[in-house]
Participant: 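Shown below is the structure under consideration.
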Amino acid sequence: MQKTIDEITKTIARLEEKLNKNSKNSSKPPSSDEFKKQGRSLLEKSGRKQGGQTGHKGTTLSVMKDPDSSLNDY
């Protein structure tokens, strides 16, 4: 009975070691990694929405009167 317990303990230890391996701590490719939930970002949220903020004056290129005339410069 003790022999069986020792074999089962070794098997469990081997399987746990295999389970804890991923592409970062072994030679396994990243595609074999299990999907795990990504950690949250350490950056604090600013409270503003994404994209251009209201009240910000944007910049654009000016419209040329004759765009073809500038092509002769090149």
Side-chain angles (χ1 to χ4, degrees):
M1 185 167 181
Q2 185 63 33
K3 183 180 177 185
T4 306
I5 292 173
D6 290 340
E7 288 177 6
I8 291 173
T9 305
K10 287 180 184 178
T11 304
I12 290 173
R14 183 175 45 85
L15 291 173
E16 284 179 342
E17 183 179 328
K18 187 176 182 181
L19 184 65
N20 289 331
K21 286 188 178 180
N22 60 24
S23 63
K24 293 185 179 185
N25 59 13
S26 70
S27 60
K28 291 175 60 176
S31 60
S32 67
D33 286 346
E34 295 291 325
F35 292 107
K36 293 189 177 182
K37 188 175 180 181
Q38 294 288 331
R40 290 187 154 200
S41 176
L42 297 176
L43 297 175
E44 294 180 12
K45 294 190 176 188
S46 66
R48 293 186 286 177
K49 291 184 178 182
Q50 291 182 349
Q53 302 298 310
T54 55
H56 176 73
K57 182 180 177 186
T59 58
T60 58
L61 294 174
S62 60
V63 179
M64 298 178 68
K65 291 181 182 179
D66 188 14
D68 293 330
S69 66
S70 66
L71 293 176
N72 294 333
D73 296 338
Y74 295 105

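All values below were derived from every heavy atom in this structure, side-chain atoms included, with hydrogens, water molecules and symmetry-related copies excluded.
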Participant: Quick one: CD on Glu17 to CG on Leu15, what's the gap to the nearest 0.5 Å?
Facilitator: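 These two atoms lie 10.0 Å from each other.
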
Participant: Locate the shortest heavy-atom distance separating Asn25 from Asn20; write the atom from each residue and the value.
Facilitator: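 Smallest interatomic distance, heavy atoms only, reads ND2-O, 3.3 Å.
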
Participant: Quick one: pull up CD in Glu7 and CD in Gln2 and give me the separation to the nearest 0.5 Å.
Facilitator: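 Rounded to the nearest 0.5 Å, the CD-CD separation comes out at 11.0 Å.
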
Participant: Does Arg14 have any side-chain contact (heavy atoms from CB on, under 4.5 Å) partners at least two apart in sequence or in another chain, and if so, which?
Facilitator: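 side-chain contact (heavy atoms from CB on, under 4.5 Å) list for Arg14, sorted by chain: Thr11.
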
Participant: Looking at NZ of Lys57 and OG1 of Thr60, how far apart are the two atoms once the value is rounded to the nearest 0.5 Å?
Facilitator: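 Result: 9.5 Å between the selected atoms.
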
Participant: Going from NZ on Lys21 to OG on Ser27, what distance comes out if it is rounded to the nearest 0.5 angstrom?
Facilitator: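 Atom-to-atom, Lys21:NZ and Ser27:OG are 7.5 Å apart.
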
Participant: Pick one: which of Asp6, Ile12, Ile5 meets side-chain contact (heavy atoms from CB on, under 4.5 Å) with Ile8?
Facilitator: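 The residue from Asp6, Ile12, Ile5 that satisfies side-chain contact (heavy atoms from CB on, under 4.5 Å) with Ile8 turns out to be Ile12.
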
